[in-house]
Amino acid sequence: QRTPTKSHRKTGPVMSMEDTASRQPAALSADLGASEDLPARRAYEVECLNNAAISFHRYGDTSRATQLYNDAIHKIFHHDASAGPSSPLRQPEISILQVLTEGLPQESQSIGDLALTFDAPHELELEDGAADLSHRAFDIPSILSGAASNQELAPLILHNLGLVFYQLKQTENSMNMFNLALKSLPPSGADTMLARSTHHHMGQLLMFQGETEQAIHHFVQESNVLQNLLKQAASSHTNSGSNGDDDKIGLLHTRLQMSFGNLSRAYFDSSLLQESMLCCEQILRLQLALYPQHDLRVLATTYNIGRIHHKEERFDEALQACNAFLQHAAVQLGEKHPHIMTAMHHVGMIQNDAGLLTTAVTTFTKCLVLRREAHGEVHTSVAETMIELGAVNMEVGNYTRALMAYQRALVIMQSAPCNDPECILMILSYMGQAHYSLGVDLDKALMCYRQVLLMLSNMPEVRNYDLEARVLTTIGEIYLDQGEVRDAMDHFVAAERILPSGDGGTQIGIDVLPSIQDFNPSAAAA
């Protein structure tokens with residue numbers, strides 16, 4: 001790439017959205033070494049390191065990208081001119097990068113960007129390639145119109161280094177970089193795409209860690225920034241009428257929809273359903289003004305509204321919204337798309353909760369066939385649908401079919417590479433319930449429940465006292481049915497020791513309450 005002139009370095013953007021497709025890492029030219037404008041020269045060196053680091057990140061060399069970002073940070077915060085970088089950019093690397101970046105494919109918008117459903121995997125759970133995240137650095141123009149000093153580039157470098165750590169799932173390092181980027185933003189940088197991106201990624205990190213309350217704060221900040229940028233862009237468009245402003249406004253609208261989508265999901269996960277619904281309704285208004293009724297983005301938002309209706313037990317509205325997504329999105333994506341199969345699974349759950357048991361069995365059976373065809377027999381999503389199919393069969397009194405579904409689900413979950421102990425506990429409990437309801441072999445029911453108690457005792461970090469009390473009570477009832485009154489009483493007493501605490505949690509009581517029959521009617525019978 002040609003070396004920018006001195007005047008360009010002072011007045012032109014460090015990285016503009018228009019020229020990112022052709023932008024290549026710039027070499028440090030010899031004439032800069034003789035420049036008397038030391039701050040501008042060092043700012044340009046930092047810019048070169050940033051551009052090269054982005055390209056290495058884009059190619060997949062996150063280690064070298066990290067080194068170059070650290071060198072840029074070193075230049076920013078160490079004013080000693082003799083203090084050189086630990087791993088300077090070498091001329092052969094520049095030539096290689098120019099060849100490599102020319103051959104990289106252009107990023108395309110994925111369905112994850114277009115249609116953010118509440119069921120979609122979290123961003124950090126996806127196996128994104130380097131190019132999928134590094135292009136976000138290219139999307140961000142400089143916060144200033146030309147950096148007069150390298151200090152002004154600090155927020156951009158820190159943000160881009162945070163992106164590398166974010167992709168590597170080094171959550172603590174990533175959060176530190178994004179925090180530093182926010183703190184180093186000047187007042188004029190509060191409403192910029194850099195601030196938006198920083199808030200977005202901090203929100204995503206906090207969601208991934210389960211800290212939804214703090215995530216909500218950052219998503220709110222992100223949406224505020226985008227709304228302010230939209231006002232500025234609309235005002236500029238009114239004055240200039242440029243087509244470039246139309247493109248910018250379109251990009252900002254897309255980002256705002258995604259921001260509201262993340263915010264509504266954070267509210268949904270926090271059980272703040274009214275706030276989640278307000279966000280979804282706002283997204284829907286934006287989308288219907290821009291897209292046709294059956295656009296995937298519109299359909300995804302409609303589906304999310306259905307999920308909220310389900311949580312609030314408005315089953316008719318929930319089925320109407322989720323079935324609309326299934327009907328029209330399946331035509332565009334195909335029935336075996338993960339979004340479609342997951343939506344079908346949730347429709348079955350709504351039907352079950354609404355008491356439409358026969359219809360729910362049909363829905364779960366179809367979903368099970370599709371998931372087997374898409375993923376094979378041994379897959380956690382197959383086990384998930386089998387569990388729900390077993391639950392519906394239990395509701396209709398078909399205990400044998402329910403037991404078969406639970407047994408198969410248990411085998412799949414136990415053989416999964418990263419099995420979920422809490423899910424296995426749940427399946428064993430359901431199997432015990434099925435055996436007990438069948439009444440054919442109560443010893444098998446006891447065996448399942450004892451396995452649950454054993455697992456609970458070996459996993460103090462996931463100890464569920466409510467479940468433990470229910471299992472002990474059920475074991476006592478089985479013994480009572482078999483005439484083993486003393487064994488029944490032992491288990492009722494053990495269950496009675498697990499008492500509810502005042503704050504809504506659970507704790508182990510010291511003494512058995514004398515009014516045991518108030519807690520456990522079966523104990524009174526014993």
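Minimum heavy-atom separation, Ala318 to His310: CB-N, 3.6 Å. Contact between Asn160 and Asn50 at its shortest, heavy atoms only, is ND2-OD1, 2.8 Å. Residues His339 and Ala120 come closest through the heavy atom pair CE1-CB, 4.3 Å. Across every non-hydrogen atom of Gly390 and Tyr406, the tightest pair is C-OH, 3.3 Å. When all heavy atoms of Tyr430 and Ile387 are compared, the closest pair comes out as CE1-CG2, 3.9 Å. Counting all heavy atoms, side chain and backbone alike, Phe178 lies closest to His159 at CE2-O, 3.4 Å.
Residue pairs satisfying the ring-ring contact (aromatic ring centres under 6.0 Å, His included) criterion with at least one member in residues 366-394, sequence neighbours excluded, are listed as follows: His375-His379. Residues in residues 201-210 take part in no salt bridge (charged side-chain N to carboxylate O under 4.0 Å, His left out) pair, two or more places apart or across chains. Applying the salt bridge (charged side-chain N to carboxylate O under 4.0 Å, His left out) definition to pairs two or more places apart or across chains, those involving residues 329-342 are Glu335-Lys366, Lys336-Glu373.
Side-chain contact between Ile157 and Val46 is present, with heavy atoms from C-beta onward closer than 4.5 Å. Proximity of His328 to Gln293: side-chain heavy atoms (C-beta onward) are nowhere separated by under 4.5 Å. No side-chain heavy atom of Gln227 sits less than 4.5 Å from a side-chain heavy atom of Leu252. In this structure, His200 and His218 have side chains that are not in contact, with every pair of non-hydrogen atoms separated by 4.5 Å or more. A heavy-atom distance below 4.5 Å is not found between the side chains of Leu206 and Thr212. Between Glu395 and Asn352, the closest side-chain pair of non-hydrogen atoms falls below 4.5 Å. In this structure, the side chains of Tyr291 and Leu296 stay at 4.5 Å or more apart for every pair of heavy atoms. Leu299 is listed as a side-chain neighbour of Gln332, based on a closest heavy-atom distance under 4.5 Å.
A cation-pi geometry, defined here as NZ or CZ lying under 6.0 Å from the six-membered ring centre and within 45° of its normal, does not hold between Arg307 and Phe118.
Here the straight-line distance linking atom CD of Gln320 with atom NE2 of His309 works out to 8.5 Å at 0.5 Å rounding. Rounded to the nearest 0.5 angstrom, Tyr166 OH and Ser174 OG are separated by 7.5 Å. Rounded to the nearest 0.5 Å, atoms CG (Leu230) and NE2 (His253) are 5.0 Å apart. Remark: Met207 CE to Asp269 CG distance equals 4.5 Å, nearest 0.5 Å. Taking CG from Asn262 and CD1 from Ile216, the interatomic distance works out to 11.5 Å, rounded to the nearest 0.5 Å. The distance from the CZ atom of Phe260 to the CZ atom of Arg285 is 9.0 Å, given to the nearest 0.5 Å.
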Legend entry - His217/Glu213 under side chain to side chain contact (heavy atoms under 4.5 Å, CB included): CA gap, chis, key distance, verdict: CA-CA 7 Å; His217 165 75; Glu213 187 174 337; over 6 Å; no
Inset, instruction - Decide side chain to side chain donor-acceptor pair (under 3.5 Å) for His346 and Thr342; before the verdict, give the C-alpha distance in whole Å, the side-chain angles of both, and the deciding distance to 0.1 Å. - result: CA-CA 6 Å; His346 278 289; Thr342 303; over 6 Å; no
Inset, instruction - Test side chain to side chain contact (heavy atoms under 4.5 Å, CB included) on Phe325 and Ile340 and set out the steps. - result: CA-CA 8 Å; Phe325 175 81; Ile340 300 303; 4.0 Å; yes
Legend entry - side chain to side chain donor-acceptor pair (under 3.5 Å) assessment of Gln214 paired with Glu211: CA-CA 6 Å; Gln214 294 181 54; Glu211 300 174 23; 3.2 Å; yes
Inset, instruction - Could you walk me through whether Leu456 and Val471 pass side chain to side chain contact (heavy atoms under 4.5 Å, CB included), step by step? - result: CA-CA 11 Å; Leu456 285 171; Val471 169; 5.6 Å; no
Legend entry - Step-by-step side chain to side chain donor-acceptor pair (under 3.5 Å) determination, Tyr303 to Asp119: CA-CA 10 Å; Tyr303 173 74; Asp119 306 327; 2.2 Å; yes
Inset, instruction - Take Ser276 and Ser264, measure what side chain to side chain donor-acceptor pair (under 3.5 Å) needs, and give me the verdict at the end. - result: CA-CA 4 Å; Ser276 183; Ser264 64; 4.8 Å; no
Inset, instruction - Just do the side chain to side chain contact (heavy atoms under 4.5 Å, CB included) check on Thr358 and Val361 with the steps written out, would you? - result: CA-CA 5 Å; Thr358 304; Val361 168; 5.8 Å; no
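Thr302 contributes a side-chain N or O that, together with a main-chain N or O of Val298, makes up a donor-acceptor pair within less than 3.5 Å. When atom types are taken as modelled, the side chain of His74 and the backbone of Asn70 share no donor-acceptor pair closer than 3.5 angstrom. Remark: the backbone N or O of Ile412 is paired with a side-chain donor or acceptor of Ser415 at under 3.5 angstrom. A donor-acceptor contact shorter than 3.5 Å is absent between the side chain of Ser235 and the backbone of Lys231. Between the side chain of Tyr449 and the backbone N or O of Gln433 there is at least one donor-acceptor pair closer than 3.5 Å. A donor-acceptor pair under 3.5 Å links the side-chain atoms of Arg371 to the main chain of Ser381, judged by distance alone. Remark: side-chain polar atoms of Ser184 are paired, donor with acceptor, to backbone N or O of Ala181 under 3.5 angstrom.
Taking the six-membered ring for Trp, Phe219 and His199 have ring centres at least 6.0 Å apart.
A salt bridge does not link Arg255 with Glu222: none of the charged nitrogens is closer than 4.0 Å to a carboxylate oxygen. Using a cutoff of 4.0 Å between basic side-chain nitrogens and carboxylate oxygens, Arg136 and Glu123 are scored as salt-bridged.
Taking Phe315 as the reference, nothing meets the ring pair (Phe, Tyr, Trp, His ring centres under 6.0 Å) condition, with sequence neighbours excluded. With sequence neighbours excluded, the residues that form a side chain to side chain contact (heavy atoms under 4.5 Å, CB included) with Glu312 are Leu273, Ile308, Arg314. In this view, Thr362 satisfies the side chain to side chain contact (heavy atoms under 4.5 Å, CB included) rule with no residue, not counting sequence neighbours.
The number of heavy atoms from other shown groups lying within 6.0 Å of CZ (Phe268) is above 12. More than 12 heavy atoms of other residues, nucleotides or ligands sit less than 6.0 Å from atom CD of Glu377.
Thr62 and Gln167 share no side-chain donor-acceptor pair at under 3.5 Å.
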